[in-house]
Protein chains: 2
Amino acid sequence: MVKTRDRILEATAELLRRKGYHGTGLKQIVKASEAPFGSIYHHFPGGKEELGAEAIRVAGRTYNALIQAFFENASDAAEATNAFFDGAGVVLEMTDYEDACPIATVALEVASVSEPMRAASGEVFESWIDDVTRDFETLGMPPERCRDVAIELLMLIEGAFLLCRSWKSIEPMKIAGSRAVDTVRAALIPS
Amino acid sequence: MVKTRDRILEATAELLRRKGYHGTGLKQIVKASEAPFGSIYHHFPGGKEELGAEAIRVAGRTYNALIQAFFENASDAAEATNAFFDGAGVVLEMTDYEDACPIATVALEVASVSEPMRAASGEVFESWIDDVTRDFETLGMPPERCRDVAIELLMLIEGAFLLCRSWKSIEPMKIAGSRAVDTVRAALIPS
DNA sequence: GTCTATAGAAGGATAGAC
DNA sequence: GTCTATCCTTCTATAGAC
């Protein structure tokens with residue numbers, strides 16, 4: 001049995017990714033989650049803002065798992081990077097450029113508008129960076145480089161998501177993936 | 001004398017950058033532009049969507065000018081790149097991380113929702129890429145590399161804007177700038 | 001053709017029945 | 001404590017006065 005609260009969070013995370021924060025209504029959320037309207041305010045007294053912040057964290061954890069699936073037990077950091085960017089491109093094409101980063105749209109929308117939601121998105125990005133940083137350390141990259149490389153990869157893929165969706169083309173993702181692999185490969189070589 | 005239509009477009013472009021598409025109401029636009037409500041539908045019969053698409057193009061042209069100010073008559077492509085990323089970081093800090101890309105938020109919001117606005121944002125990104133590509137050719141970069149380098153720079157700065165705003169930190173912009181300069185410098189060397 | 005008033009729907013939030 | 005009915009605001013859009 002799936003708890004009402006979890007259904008609400010799942011539905012919200014999904015709607016936020018596709019429609020953004022201001023594009024998602026509470027009424028859509030109750031419809032999608034098949035929950036009564038009052039349940040939102042029972043479980044999230046802070047209203048839409050509290051629900052949104054929590055949904056961002058839920059979406060973030062889903063992606064933590066995806067990241068770890070590619071990087072945690074990889075044999076080579078560069079190969080894992082290549083597979084990750086390739087996979088992102090495949091998903092983009094399969095979903096007609098709808099499924100990209102689950103929180104980027106919301107993060108930009110709320111950055112200067114809602115401090116709790118900005119903080120939530122910041123923590124999610126940080127947790128992704130932490131995952132990749134640790135994985136790169138495990139995979140033999142010099143520790144002092146790991147975090148910067150992880151941040152560069154995240155910037156490249158977020159930029160690629162933006163351009164790919166706006167152009168309906170995976171060309172940017174191919175360029176981003178190629179550059180990401182170059183960076184990882186270079187960082188792996190001890191200086 | 002400034003035409004009503006232009007005032008509406010300027011106000012819309014500014015609001016879209018700060019609040020996004022769904023976060024900006026037509027009533028805010030008429031208030032900010034000091035125009036009567038009916039004027040919007042007089043000048044933009046297609047309503048908010050047509051106005052939004054046009055405002056995206058206006059914002060795009062403003063940035064075309066900014067890009068050219070840095071790259072068009074530069075003496076060195078790498079130096080110009082460095083100055084551009086530095087400048088972006090300075091503006092972010094000065095505006096408490098509010099002023100970043102004028103169209104990124106809207107582009108993500110509308111990518112899967114409004115075809116006319118998606119097309120407009122795609123054209124704007126394309127025009128920025130075209131500018132930088134031409135400038136790099138002029139500055140001596142091998143022509144076959146210019147476009148890919150320009151796209152990489154755009155992805156890096158868009159990713160940096162996202163992370164900088166979510167973290168309220170310019171660390172990502174510094175990393176992005178550093179990597180961008182490295183890429184440009186490497187591309188300038190004939191192989 | 002400039003501007004006001006208002007329609008009609010959807011937004012977030014709340015009160016209170018059960 | 002689950003759920004419904006409803007409140008008030010804001011949204012986009014339009015009708016029509018001047």
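All chains are named by letter (A, B, ...) in the order of the sequence lines, taking the proteins before the strands, and each is independently numbered beginning at 1.
Taking atom CZ of residue B:Arg5 and atom C1' of nucleotide C:dG1, one finds them 15 Å apart after rounding to whole Å. When rounded to the nearest whole Å, the span between CG of A:Leu26 and C1' of D:dC7 equals 15 Å. Summarising the geometry, the separation between NZ on A:Lys31 and C1' on C:dG12 is reported as 16 Å, rounded to the nearest angstrom. In this structure, the NE2 atom of A:His42 is 17 Å from the C1' atom of C:dA13, given to the nearest Å. The NZ atom of A:Lys27 sits 12 Å away from the P atom of C:dA13 (whole-angstrom rounding). If you measure from atom CG of B:Leu15 to atom P of D:dT12, you get 11 Å, rounded to the nearest angstrom. Between A:His22 atom NE2 and D:dT10 atom P there is a gap of 13 Å when expressed in whole angstrom units. Separating the CZ atom of A:Phe37 from the P atom of C:dG12 is a distance of 7 Å, rounded to the nearest angstrom.
Annotation: the span from A:Glu144 atom CD to A:Glu137 atom CD amounts to 9.5 Å, rounded to 0.5 Å.
Checking D:dC11, C:dG12, C:dG1 against every side-chain atom of A:Lys48, the shortest atom distance belongs to C:dG12. For B:Tyr41, the side-chain atoms get nearest to D:dT12 when compared with the rest of C:dG12, C:dC3, D:dT12.
In terms of phosphate contacts, B:Gln28 brings no side-chain nitrogen or oxygen within less than 4.0 Å of OP1 or OP2 of D:dT10.
Mapping A:His43 and B:Gly47 onto DNA chain D by nearest heavy atom places A:His43 closer to the 5' end of the strand.
Residue A:Gly25 is in sugar-phosphate contact alone, with no base atom involved, counting any heavy-atom pair closer than 4.0 Å across all strands shown. Within the 4.0 angstrom heavy-atom criterion, no nucleotide atom of any strand lies near A:Glu49.
Open room surrounds CD on B:Glu10; 12 or fewer heavy atoms of other groups in view lie less than 6.0 Å from it.
B:Arg165 places no side-chain N or O within donor-acceptor distance of the main-chain N or O of A:Ala111, the cut-off being under 3.5 Å.
For the pair A:Glu54/A:Arg5, a side-chain contact is recorded, criterion being any heavy-atom separation below 4.5 Å from C-beta on. The closest side-chain heavy-atom distance from A:Phe37 to A:Lys27 is below 4.5 Å.
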